[in-house]
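Input: a single structure, listed below in structure tokens.
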Amino acid sequence: MLANRAKKNHKHLKKRFAKQGIEVFRVYDWDIPEIRAVVDWYAGHLVVGEYTRAQSTPEWLPMMGKALAETFDVPMERVHLKQRKAGRQNGKRYERIDHTDTKIIMGERDLKFYVNPCDYVDTGLFSDHRNTRLMVQEMARGKDFLNLYCYTGAFTCYAAKGGAATTTSVDRSETAVNWVRENLELNGLSSENNQVIQKHTPDFLKKAKKEGRTFDLAVVDPPSYSTTMTTGEAFDIVKDHTWLLNAVVSIMRPNSTIFFSTNHQNFTSKLDVLPISSFEEITEQTIPEDYISKRKTIHRCWKIIV
């Protein structure tokens, strides 16, 4: 049932996405209530995640992988199995589950990105934000662009490709910032105008404010929860997004734009308290068709005008 549904979805999407140069897309996300899984297509690779729970059995995920491999006619070495756990996943974004150091190149429109389908729960490319990335690219020309919690820098590559005057990418993870540099180089975008900084975002914001740095366009996509290992300082997107966005607004120029997003499933925004001109939720525009689900909203996104 899982393999047949995923194959049907793949057939429906593949030609249209091929014309757009999109090689990574979702073909199954818990479509069938009894089958708690997510399946993503990566140009001949399958990444299969099981939404695990206490009663999950270890045989189930390999069985799903085998069925998908047979139906898609993909060798098992190109089927990558992951366990996805609910709740607070502090640090899981970068936590290794293997050490293959495998990186393969995937295309998204006129850009390419390194993905690692083996070593982490996430592969390095959040395909659910491909529409948002295109919005950023279309707005970026001549702008000074800031990408906070930048992960592997996909938004940065889109902004640079769109003609941003400068880009600044910030993440506290050494793994992430090295990955950003690799993606920039892959796309011929390595230059002194594209700065990559390994720093905790609140620390960067304080320093940028002190130095008088300002920006025209920003993306803020924080984790739902995080803890700073050195200080024990906790971040919770629901409670803390207002002070975070206040700090971002303080280094934005008049009439600048911030794209703010979260994948927290019970998020309530308090954007009306910010010192801004306007804000608009644009989630319906930013979620691609392969990520539309009755069960959950993969992310929510707002466009903020300072």
Counterpart residues, side-chain contact (heavy atoms from CB on, under 4.5 Å), relative to E211 (two or more places apart): K207, R213
Where Y42 and L125 come nearest, the two heavy atoms and their spacing: OH-O, 4.0 Å
Axial cation check for W30 ring with K294, 6.0 Å and 45° limits: no
For the student: nearest non-hydrogen atoms of A67 and A3, plus distance: O-CB, 3.6 Å
H10/F25 under ring pair (Phe, Tyr, Trp, His ring centres under 6.0 Å): CA gap, chis, key distance, verdict: CA-CA 9 Å; H10 176 265; F25 53 93; 5.7 Å; yes
Full working for side chain to side chain contact (heavy atoms under 4.5 Å, CB included) between R109 and L134: CA-CA 9 Å; R109 301 189 177 97; L134 187 60; 3.9 Å; yes
Distance, nearest 0.5 Å, that separates CG of D29 from CG of D290: 10.0 Å
Sequence neighbours excluded - salt bridge (charged side-chain N to carboxylate O under 4.0 Å, His left out) pairs with any residue from residues 136-153: D144-R253
Side-chain heavy atoms of N246 within contact of L274, under 4.5 Å: yes
T286 side chain to T283 backbone, donor-acceptor under 3.5 Å: yes
Distance (rounded to the nearest 0.5 Å) between L186 CG and R181 CZ: 15.5 Å
Rounded distance (nearest 0.5 Å) linking atom OG1 of T156 with atom CZ of R133: 10.5 Å
Minimum heavy-atom distance between M76 and G65, given as atom pair plus value: SD-O, 3.9 Å
Cation-aromatic face contact R130/Y291, 6.0 Å, 45 degrees: no
Expected output: side-chain H264 to main-chain N266 donor-acceptor under 3.5 Å: yes
Heavy-atom donor-acceptor pair, D40 side chain to V47 backbone, under 3.5 Å: no
Test item: K199 and R172 side chains (from C-beta on) under 4.5 Å apart, heavy atoms: no
Other residues, nucleotides, ligands: >12 heavy atoms within 6.0 Å of Q195 CD: yes
N-O pairing of R84 and D122 below 4.0 Å: yes
Joint hydrophobic cluster, L111 plus V24, side-chain heavy atoms closer than 4.5 Å: yes
Donor-acceptor pair between D216 and S256 side chains, under 3.5 angstrom: no
Hydrophobic cluster membership, V27 vs M1, 4.5 Å side-chain cutoff: yes
For the student: nearest non-hydrogen atoms of C150 and V180, plus distance: SG-CG2, 3.8 Å
Aromatic contact, W302 with F279 (centres under 6.0 Å): no
OG-CG distance between S293 and D128, expressed to the nearest 0.5 angstrom: 12.0 Å
Donor + acceptor pair across side chains of Y114, T152 (<3.5 Å): no
For R5, side-chain contact (heavy atoms from CB on, under 4.5 Å) partners two or more places apart: N9, Y28, D31, I32
Same cluster (ILVMFWY, side-chain, under 4.5 Å), L68 and V38: no
Note, F155 side chain near F259 side chain (heavy atom, < 4.5 Å): no
Whether N187 side chain and N183 backbone form a donor-acceptor pair below 3.5 Å: yes
Nearest-0.5 Å distance that lies between atom CD1 in I104 and atom CD in E23: 9.5 Å
Pair W243-D240, side-chain donor/acceptor within less than 3.5 Å: yes
Polar side-chain atom of Q265 near backbone of T297 as donor-acceptor pair, under 3.5 Å: yes
Any H241 side-chain heavy atom under 4.5 Å of F267 side chain: yes
Non-hydrogen side-chain atoms of Y149 and V170 separated by less than 4.5 Å: no
Whether W179 and Y151 hold their rings parallel, tilted or perpendicular, with breakpoints at 30° and 60°: tilted
Contact list for residues 266-284, test salt bridge (charged side-chain N to carboxylate O under 4.0 Å, His left out), sequence neighbours left out: E281-R300
Exercise: identify the closest heavy-atom pair between A37 and M64: CB-SD, 3.7 Å
Value rounded to 0.5 Å, distance of CD1 in I251 from NZ in K210: 15.0 Å
Where C157 and L189 come nearest, the two heavy atoms and their spacing: O-CD1, 3.6 Å
Beyond-backbone contact of I258 with I276, side-chain heavy atoms, under 4.5 angstrom: no
Y158 and F113 aromatic ring geometry - parallel, tilted or perpendicular at 30°/60° bounds: parallel
Derivation and outcome, side chain to side chain contact (heavy atoms under 4.5 Å, CB included), residues Q137 and D110: CA-CA 11 Å; Q137 183 178 29; D110 55 352; 3.9 Å; yes
Side-chain H-bond candidate by donor/acceptor type, N194 with T167, under 3.5 Å: yes
K7 side-chain N/O to F72 backbone N/O, donor-acceptor pair under 3.5 Å: no
Stepwise side chain to side chain contact (heavy atoms under 4.5 Å, CB included) test for F215 and T168: CA-CA 9 Å; F215 300 88; T168 303; 3.6 Å; yes
hydrophobic_cluster_shared for F204 and V177, side chain cutoff 4.5 Å: no
Residues V74, V79; criterion side chain to side chain contact (heavy atoms under 4.5 Å, CB included); working and verdict: CA-CA 7 Å; V74 169; V79 178; 4.1 Å; yes
Close side-chain approach of P288 and H129, heavy atoms under 4.5 Å: no
Donor-acceptor contact below 3.5 Å, side chain D236 vs main chain Y225: no
Residues in side-chain contact (heavy atoms from CB on, under 4.5 Å) contact with E174, at least two apart in sequence or another chain: N178, Q198
Partners meeting side-chain contact (heavy atoms from CB on, under 4.5 Å) with D101 (sequence neighbours left out): R96, D119
Check: F126 ring centre within less than 6.0 Å of H299 ring centre: no
Hphob cluster co-occupancy, L184 + I197, side-chain heavy atoms under 4.5 angstrom: no
N/O donor-acceptor pair under 3.5 Å between T201 side chain and L148 backbone: no
Within-4.5 Å side-chain heavy-atom neighbours: T257 and M139: yes
